[in-house]
Structure formats: structure tokens, C-alpha cells
**Student:** 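Dumping the structure here so I can ask a few things about it.
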Amino acid sequence: YEERQEARLLAARLLCDFTANEMQSGSAPLCTSPEMLAALIKLAKAERVRELHGEAEVQYCAFLALSNLSRGSISSKDALIDAGIVPVIIDAVGNGTYKDAHIRRECASMLNNLSSGQMAQRVVSVLGHNRVNSLFPVIDGLQDERMKLHALMAKESLLNACSPVV
């Protein structure tokens with residue numbers, strides 16, 4: 001059991017470092033396959049093994065790896081959205097099940113990255129107008145200034161995507 005947890009922790013650290021190096025080097029991301037993203041999201045959600053030693057670090061490293069990928073190309077962002085990351089980060093920005101402030105900040109940053117430019121339309125199409133509109137008061141009520149900064153930038157992009165073009 002501990003060996004398995006050690007493997008999860010090492011894998012999460014490795015993927016975090018690997019995605020950071022990919023984004024810095026500008027090389028084509030190898031971590032955006034559906035299988036890889038599903039594994040990272042599963043590590044980030046960490047639903048069944050929260051009580052294990054080191055699980056908070058596993059979760060944080062997985063979110064950080066996903067956040068690294070959200071800073072990449074449009075194809076990386078599309079892959080993240082296709083993998084189902086948007087509802088996961090929305091739950092964290094809304095102070096849902098993720099108690100760690102660093103994770104919530106990374107999720108707000110990811111929301112901003114995934115909502116920039118024309119990508120905002122994709123985020124709105126995934127969430128729907130009602131869920132996006134219900135997110136705005138949550139963003140306005142955030143206490144953490146760093147998280148709020150990223151979330152407000154995302155809010156502006158999402159508002160523009162929700163507004164009808166005249």
C-alpha cells in the first residue's frame with residue numbers, strides 16, 4: 001500500500017516537472033493524450049485515497065501539471081477541455097472540495113488560461129450559460145486576492161463570450 005502511494009507521488013512529481021519543461025521548451029506536448037489527461041485528472045481529484053500520507057502533494061502536483069498544460073497551445077487547451085477539466089476547476093474556484101489555497105489558485109489560473117480569447121466560447125459551451133452566470137457572484141466574493149485576480153480575468157473573458165454580438 002505504501003509502495004503504491006510512493007509510486008503515485010513520484011508519478012505526480014515527474015509529470016509536474018515534465019509538463020513544466022515541455023511548456024518552457026516550446027516543444028509539442030506529449031502529456032495531452034486522453035489517457036494521460038485522464039490519469040492527471042484522477043490524481044488531481046484524489047477521491048478515494050485522501051487519507052494516505054502525501055496525498056495532498058500528489059493532488060497539488062497533478063493540478064500543477066494540468067496548470068502547466070493550460071499555458072500551452074490551443075491544441076493543449078482543447079485537449080484539457082475535452083478531457084473534462086473545466087468542471088473540476090470550477091468546483092475548486094467555487095471553494096468546493098479542494099481545501100488547499102494553492103490548488104484553488106492554480107485552478108483560478110487554469111480557468112483564466114482556458115478562457116482567454118476564443119477559448120472562452122468553448123468553456124461556456126461546456127458549462128452552459130446558467131453555470132457560467134452562477135459562477136460570477138462566486139468570483140466576486142472571493143477573499144484570496146491572488147485567486148480573485150485570475151478569476152476576474154476569466155470572468156471578463158467569459159462575460160464577453162456570453163454576451164450577444166451586436
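Owing to the predicted nature of the structure, the values given are computational and were not obtained by experimental measurement. Both backbone and side-chain heavy atoms feed into the values below; hydrogens, waters and symmetry mates do not.
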**Student:** Mind checking the CD1-CE spacing from Ile41 to Met36? Nearest 0.5 Å is all I need.
**Tutor:**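 So the gap between those two atoms works out to 12.5 Å.
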**Student:** Looking only at non-hydrogen atoms, find the nearest pair between Ala12 and Val58 and report the distance.
**Tutor:**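 It is CB-O, 3.7 Å.
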**Student:** Are the side chains of Cys107 and Met110 in touch, meaning some heavy atoms are under 4.5 Å apart?
**Tutor:**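 Yes; the side chains approach each other to less than 4.5 Å.
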**Student:** Got a donor-acceptor contact below 3.5 angstrom from the Asp144 side chain to the Arg105 backbone?
**Tutor:**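 Checking the backbone N and O of Arg105 against the side chain of Asp144, no donor-acceptor pair under 3.5 Å is found.
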**Student:** Shared ILVMFWY cluster between Leu14 and Leu69, side chains joined below 4.5 angstrom?
**Tutor:**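 Unlinked, Leu14 and Leu69 end up in two clusters.
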**Student:** Check the hydrophobic clustering (I, L, V, M, F, W, Y; side-chain heavy atoms under 4.5 Å; chains of links allowed) and say if Leu127 and Val124 are grouped together.
**Tutor:**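 In one cluster: yes.
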**Student:** Taking C-beta and beyond as the side chain, do Leu111 and Ile90 meet within less than 4.5 Å on heavy atoms?
**Tutor:**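 Yes - at least one pair of side-chain heavy atoms lies under 4.5 Å apart.
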**Student:** Are side-chain heavy atoms of Leu66 and Ile89 found at a separation under 4.5 Å?
**Tutor:**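 No - every pair of side-chain heavy atoms lies 4.5 Å or more apart.
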**Student:** Quick check: do Arg122 and Val86 have side-chain heavy atoms less than 4.5 Å from each other?
**Tutor:**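 Sidechains of Val86 and Arg122: no contact.
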**Student:** Quick one: does Arg131's side chain get under 4.5 Å of Pro87's, heavy atoms only?
**Tutor:**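 Yes, at least one pair of side-chain atoms sits under 4.5 Å.
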**Student:** Using a 6.0 Å cut-off, check whether atom CZ of Arg146 has over 12 heavy atoms from anything other than its own residue.
**Tutor:**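 12 or below, so no.
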**Student:** Which pair of heavy atoms, one from Ser70 and one from Asn113, lies closest together, and at what distance?
**Tutor:**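 Heavy-atom minimum between the residues: OG-ND2, 2.9 Å.
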**Student:** Any donor-acceptor pair under 3.5 Å linking the side chain of Ser67 with the backbone of Phe63?
**Tutor:**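 Pair absent, no side-chain N/O of Ser67 close to backbone of Phe63.
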**Student:** Measure the SG-CD distance between Cys16 and Glu57 for me, rounded to the nearest 0.5 Å.
**Tutor:**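 Answer for the SG-CD pair, Cys16 versus Glu57, is 9.5 Å.
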**Student:** So, does Gln59 use its side chain to make a donor-acceptor pair with the main chain of Ala44 at under 3.5 Å?
**Tutor:**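 Present.
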**Student:** Give me the atom names and distance for the closest heavy-atom approach of Lys148 to Leu142.
**Tutor:**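 The pair with the smallest heavy-atom distance is CD-O, 3.4 Å.
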**Student:** At their closest point, which heavy atom of Ala120 faces which heavy atom of Ser157, and how far apart are they?
**Tutor:**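 Reported closest heavy-atom pair: CB-O, 3.6 Å.
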**Student:** Please determine whether the number of non-hydrogen atoms from other residues, nucleotides or ligands lying under 6.0 Å from atom CG of Leu10 exceeds 12.
**Tutor:**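 Above 12, so yes.
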**Student:** May I ask you to decide whether Glu106 forms a salt bridge with Arg71, counting only side-chain N to carboxylate O separations under 4.0 Å?
**Tutor:**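 Salt bridge flag = yes for Arg71 with Glu106.
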**Student:** Regarding Asp140 and Lys155, does a basic nitrogen lie under 4.0 Å from an acidic carboxylate oxygen?
**Tutor:**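 Lys155 and Asp140: salt-bridged.
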**Student:** Among Glu156, Lys77, Met153, which one satisfies side chain to side chain contact (heavy atoms under 4.5 Å, CB included) with Ser116?
**Tutor:**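 So, applying the side chain to side chain contact (heavy atoms under 4.5 Å, CB included) to Ser116 and each of Glu156, Lys77, Met153, only Lys77 qualifies.
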**Student:** Should Asp91 and Lys45 count as an ion pair when the cut-off is N to O under 4.0 Å?
**Tutor:**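 Lys45 and Asp91: not salt-bridged.
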**Student:** Using every non-hydrogen atom in the two residues, find where Val132 and Cys162 come nearest and quote the distance to one decimal.
**Tutor:**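 The answer is CG1-SG, 3.7 Å.
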**Student:** Can Leu149 be reached from Val138 by stepping across I, L, V, M, F, W or Y side chains whose heavy atoms are under 4.5 Å apart?
**Tutor:**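 Hydrophobic grouping puts Val138 apart from Leu149.
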**Student:** Are Leu64 and Leu9 connected in a single hydrophobic cluster, I mean Ile/Leu/Val/Met/Phe/Trp/Tyr linked by side-chain heavy atoms less than 4.5 Å apart?
**Tutor:**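 No, Leu9 and Leu64 fall in different hydrophobic clusters.
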**Student:** Does Leu114 share a hydrophobic cluster with Leu159, counting links as ILVMFWY side-chain heavy atoms below 4.5 Å and allowing steps through other members?
**Tutor:**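 Looking at the clustering, Leu159 is in the same group as Leu114.
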**Student:** What are the two closest heavy atoms between Ser76 and Thr32, and how far apart are they?
**Tutor:**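 That would be OG-CG2, 3.8 Å.
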